[in-house]
Amino acid sequence: MEYYVWSFRYTTEIGRFGLYNLEVDESGLHQKGKAYFFKMENSEYINWFDNQNPLFNSTTHPNLEHHVYITHDEVIEVLSDYAPLVKGNSQSFK
């Protein structure tokens with residue numbers, strides 16, 4: 001089980017009020033309407049996944065990571081054992 005998306009979940013920001021209370025590095029990059037990508041530490045999602053999967057979990061595969069993608073009104077979360085590669089046209093990120 002290497003180089004696969006192990007699990008993902010999708011919701012809107014309206015359904016994820018808990019995200020507003022997270023301790024976040026506010027580095028001055030916040031721009032309304034832009035997409036954000038980051039890796040979650042101390043992930044409740046990984047803890048949940050570990051409880052569901054006794055054979056394949058973060059103990060047996062310590063490189064398992066929780067990646068979060070937030071757009072203007074959507075939240076996509078991915079569990080994988082590799083860092084994502086995000087490509088795009090430079091004009092689409094302005």
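Just so it is clear, the model here is predicted, and its values are computed rather than measured.
A distance of 10.5 Å separates CD1 in I46 from OG1 in T59, rounded to the nearest 0.5 Å. To the nearest 0.5 angstrom, L79 atom CG is 7.5 Å from R9 atom CZ.
Atom CG of N51 is surrounded by more than 12 heavy atoms from other residues, nucleotides or ligands within 6.0 Å.
With sequence neighbours left out, the side-chain contact (heavy atoms from CB on, under 4.5 Å) criterion links F8 to V5, V78. H66 meets the ring pair (Phe, Tyr, Trp, His ring centres under 6.0 Å) test with Y45; sequence neighbours excluded. In this view, S58 and D50 satisfy the side-chain hydrogen bond (donor to acceptor under 3.5 Å, both in side chains) rule, not counting sequence neighbours.
No side-chain donor-acceptor contact under 3.5 Å links S43 to the backbone of M40.
Classified by interplanar angle (parallel below 30°, tilted 30° to 60°, perpendicular above 60°), the ring pair F37/Y69 is perpendicular. Between W6 and F49, the ring planes lie tilted relative to each other; the angle falls in the 30° to 60° range.
Contact check for W48 versus Q52: side-chain heavy atoms found under the 4.5 Å cut-off. Proximity of T60 to L55: side-chain heavy atoms (C-beta onward) are nowhere separated by under 4.5 Å. Considering only heavy atoms from C-beta on, L64 stays 4.5 Å or farther from N57 through its side chain.
A salt bridge (Lys or Arg N to Asp or Glu O under 4.0 Å) check over residues 56-66, counting only residues at least two apart or in different chains, returns the pairs K39-E65.
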